[in-house]
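Per chain, numbering begins at 1; letters A, B, ... match sequence-line order. Owing to the predicted nature of the structure, the values given are computational and were not obtained by experimental measurement.
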There are 2 protein chains.
Amino acid sequence: MKIDPKSPSDLSAQIAKAIRDAIMSGALIVDERLPSEAELSEQFNVSRPTVREALKRLGAQSLIRTQRGATGGAFVNRLRFEDAYGQQITTSTLLLSMNEVSFSVACEARYALERACAPLAAERRTADHLATMRAEAHRQSQPGLTDEAFCASDVAYHRALVDAAGNPVISYQLAGAVEAMQPLMNMITFTARSRERIVDLHSQIADALEAHDGQMVDELLSALAQYTNELARSVMDARQAARQSD
Amino acid sequence: MKIDPKSPSDLSAQIAKAIRDAIMSGALIVDERLPSEAELSEQFNVSRPTVREALKRLGAQSLIRTQRGATGGAFVNRLRFEDAYGQQITTSTLLLSMNEVSFSVACEARYALERACAPLAAERRTADHLATMRAEAHRQSQPGLTDEAFCASDVAYHRALVDAAGNPVISYQLAGAVEAMQPLMNMITFTARSRERIVDLHSQIADALEAHDGQMVDELLSALAQYTNELARSVMDARQAARQSD
DNA sequence: AATTTTCATTTGTCAGACAATTAAATGTAT
DNA sequence: ATACATTTAATTGTCTGACAAATGAAAATT
């Protein structure tokens with residue numbers, strides 16, 4: 001692990017990169033202890049605060065964890081799917097909000113990817129998945145529910161659907177696509193009628209999954225995608241009209 | 001923005017979280033300048049190195065950028081898809097390698113998600129996408145190519161396919177799934193015959209895209225997924241046998 | 001042998017300093 | 001007055017040295 005002594009003004013980034021590369025190449029393995037901060041600062045010929053900044057960078061990516069005390073130090077972290085979910089969701093959410101991604105583009109992505117789960121989910125869904133989906137659908141049919149709670153339940157429903165595919169890699173990749181939609185969905189006002197329609201589709205999807213009918217799940221998801229898009233468009237149009245009449 | 005003064009021993013993480021929350025809630029907007037490190041250390045009642053550690057954490061997630069000089073400081077960064085790709089790929093790759101995700105599970109995820117792009121890509125592919133895919137397929141047919149270069153070209157081919165769907169959110173989400181497969185693919189030895197078969201499928205997929213035949217693309221991807229899986233299995237079996245005969 | 005105490009190691013935090021960079025303010029000459 | 005050079009102030013980048021807090025291991029005590 002070496003850093004370029006010629007280019008200054010980014011030492012902690014260079015050190016972080018060197019260690020990150022070592023982890024990714026397998027030179028440092030899971031649970032292996034890094035040298036202490038004092039040793040690292042000697043090796044890289046920089047001060048301890050600089051080393052610490054580098055370690056914090058790696059910690060922010062969950063690549064290492066630190067522990068105080070005599071046998072403490074920085075250890076290569078086993079990156080778990082649960083750890084990665086959070087970062088994935090944060091990044092996806094910010095990407096959508098900062099790049100003015102339209103509702104329709106985000107919606108298209110979400111449902112396209114979700115439909116990819118349909119055949120697998122129809123094959124592998126367990127009673128647990130069905131129970132979660134049915135419970136969320138029932139919650140969504142409660143009259144007093146706020147729009148925000150409705151959206152949160154919608155996300156929980158769809159995550160159960162994705163998890164039903166029984167592939168952790170798919171679950172991870174789609175966590176971002178599903179969760180990042182929530183802020184966009186929150187901009188929609190759901191009328192009683194539109195909720196009824198959505199809950200109906202949710203129930204039908206659960207039925208189709210129970211019957212192991214992947215084709216039907218796919219069609220229902222397609223219908224749900226279309227309906228969601230229409231709903232968003234009508235809300236946007238109404239707002240546009242209201243703005244112009246001001 | 002407040003931090004809990006009672007719980008010590010994670011001040012920089014708490015400060016990073018406070019600022020991150022402010023960005024995600026919209027309290028800090030893109031390109032807005034944060035207070036200087038000196039001001040932040042006063043506000044949070046911590047030392048400047050602690051503030052700096054917090055800022056480095058945020059920098060590692062591309063949430064802020066810093067600039068030196070009189071009008072410098074830390075600014076809320078507009079998170080771009082290109083910035084997010086790198087992190088996404090790093091995280092996905094490590095997730096697969098550290099959690100002993102089998103080739104078949106990763107492969108299933110990749111092709112399931114990729115097939116979700118088929119109808120969109122068939123509809124929207126441009127001449128550029130087709131040209132890239134054909135160029136990579138041609139490169140893959142060169143006899144002298146190393147296995148690693150073959151895999152790299154395979155990744156480039158599939159990224160072009162994904163990009164052809166014309167949805168940046170999909171491209172982002174799938175970057176991880178596609179790129180993270182590369183280390184796993186690199187474990188496979190591609191014979192001349194298997195390369196021929198793969199290149200043939202790649203060419204046929206390009207043809208189907210050109211003809212706007214989404215159904216055909218889907219079927220070809222399915223065939224490619226199955227073939228890749230068989231190939232990996234035969235390699236694994238051969239290694240297993242060789243190991244037992246030692 | 002079990003328990004308590006001491007100790008060494010390591011991370012977490014702080015204070016203060018100087019270097020490097022950068023843009024604005026100031027001064028100077030044409 | 002304008003163009004150019006100089007100074008200045010603000011800010012991040014880095015270093016040094018120090019102490020606090022946590023923690024496991026070793027030593028001492030019962």
Side-chain angles (χ1 to χ4, degrees), chain A residues 1-20 22-23 28 31-78, chain B residues 1-20 23 28 31-77:
Chain A
M1 286 194 299
K2 282 277 167 64
I3 59 174
D4 184 5
K6 277 167 274 179
S7 75
S9 201
D10 239 349
L11 291 179
S12 71
Q14 288 176 51
I15 293 168
K17 180 174 189 310
I19 298 175
R20 182 162 41 236
I23 293 174
L28 291 170
D31 292 336
E32 184 171 343
R33 184 180 175 281
L34 299 181
S36 71
E37 295 175 353
E39 287 171 313
L40 284 173
S41 60
E42 265 196 36
Q43 281 185 30
F44 287 113
N45 216 5
V46 297
S47 67
R48 193 158 82 95
T50 301
V51 167
R52 283 181 61 80
E53 287 176 8
L55 294 180
K56 294 310 170 192
R57 292 175 117 106
L58 299 172
Q61 296 179 292
S62 306
L63 297 189
I64 62 167
R65 61 178 187 277
T66 56
Q67 208 178 354
R68 283 214 268 202
T71 59
F75 298 83
V76 178
N77 200 26
R78 156 161 278 124
Chain B
M1 284 194 300
K2 283 278 167 66
I3 58 172
D4 183 3
K6 277 168 276 179
S7 73
S9 200
D10 242 346
L11 291 179
S12 72
Q14 289 175 50
I15 292 168
K17 180 174 189 312
I19 298 175
R20 182 161 41 236
I23 293 174
L28 291 170
D31 290 336
E32 185 171 341
R33 185 180 173 281
L34 299 181
S36 72
E37 295 174 353
E39 287 171 313
L40 285 173
S41 61
E42 266 196 35
Q43 280 184 30
F44 287 113
N45 215 7
V46 298
S47 67
R48 192 158 84 94
T50 302
V51 166
R52 283 181 62 79
E53 287 177 7
L55 294 180
K56 294 309 171 195
R57 292 176 118 106
L58 298 173
Q61 296 179 292
S62 305
L63 297 189
I64 61 168
R65 61 180 186 278
T66 56
Q67 207 176 357
R68 283 215 270 203
T71 60
F75 298 83
V76 178
N77 199 26

[X] side-chain proximity, nearest of [options]:
X	options	result
A:Arg68	D:dT12, D:dT16, D:dA21	D:dA21
B:Leu11	D:dT11, C:dT13, D:dA10	C:dT13
A:Ser36	D:dT23, D:dC15, C:dT10	C:dT10
B:Thr66	D:dC15, C:dT10, D:dT12	D:dT12
B:Val46	D:dT16, C:dT9, C:dC14	C:dC14

**Prompt:** If you look at every heavy atom in A:Gly73 and A:Arg33, which pair is closest and at what distance?
**Reply:** CA-NE, 4.3 Å

To the nearest Å, how far apart are [X] [atom1] and [N] [atom2]?
X	N	atom1	atom2	result
B:Arg52	C:dG12	CZ	C1'	17 Å
A:Lys56	C:dG12	NZ	C1'	7 Å
B:Glu53	C:dT13	CD	C1'	8 Å
B:Arg33	C:dT22	CZ	P	15 Å
A:Arg65	D:dA22	CZ	P	20 Å
B:Glu42	C:dG16	CD	P	13 Å
B:Phe75	D:dT11	CZ	P	10 Å
A:Asn45	D:dC15	CG	C1'	12 Å

**Request:** Classify the side chain of B:Arg48 versus the base of D:dG13 as yes if they form a donor-acceptor pair under 3.5 Å and no if they do not.
**Result:** yes

**Request:** Look at A:Thr71 and D:dG24 and indicate whether a side-chain polar atom (N or O) is within less than 4.0 Å of OP1 or OP2.
**Result:** no

**N/O (side chain, A:Thr50) to phosphate O (OP1/OP2, D:dG13) under 4.0 Å** = no

**Result of checking A:Lys17, A:Arg52, A:Arg57 against A:Ser12 for side-chain hydrogen bond (donor to acceptor under 3.5 Å, both in side chains)** =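 It is A:Arg57, the one option of A:Lys17, A:Arg52, A:Arg57 that forms the side-chain hydrogen bond (donor to acceptor under 3.5 Å, both in side chains) with A:Ser12.
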
**Over 12 foreign heavy atoms within 6.0 Å of CD, A:Glu32** =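 Yes, CD of A:Glu32 has more than 12 neighbouring heavy atoms, counting only those of other groups under 6.0 Å.
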
**Item:** Verdict with supporting geometry, A:Arg65 and A:Asp31, side-chain contact (heavy atoms from CB on, under 4.5 Å)
**Value:** CA-CA 9 Å; A:Arg65 61 178 187 277; A:Asp31 292 336; 3.0 Å; yes

**Contact nearer the 5' end of DNA chain C, comparing A:Pro49 with A:Gly72** =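 Nearest-nucleotide comparison on DNA chain C picks A:Gly72.
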
**Euclidean distance, A:Thr66 OG1 relative to A:Leu55 CG, rounded to 0.5 Å** =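 It is 8.0 Å, given to the nearest 0.5 Å.
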
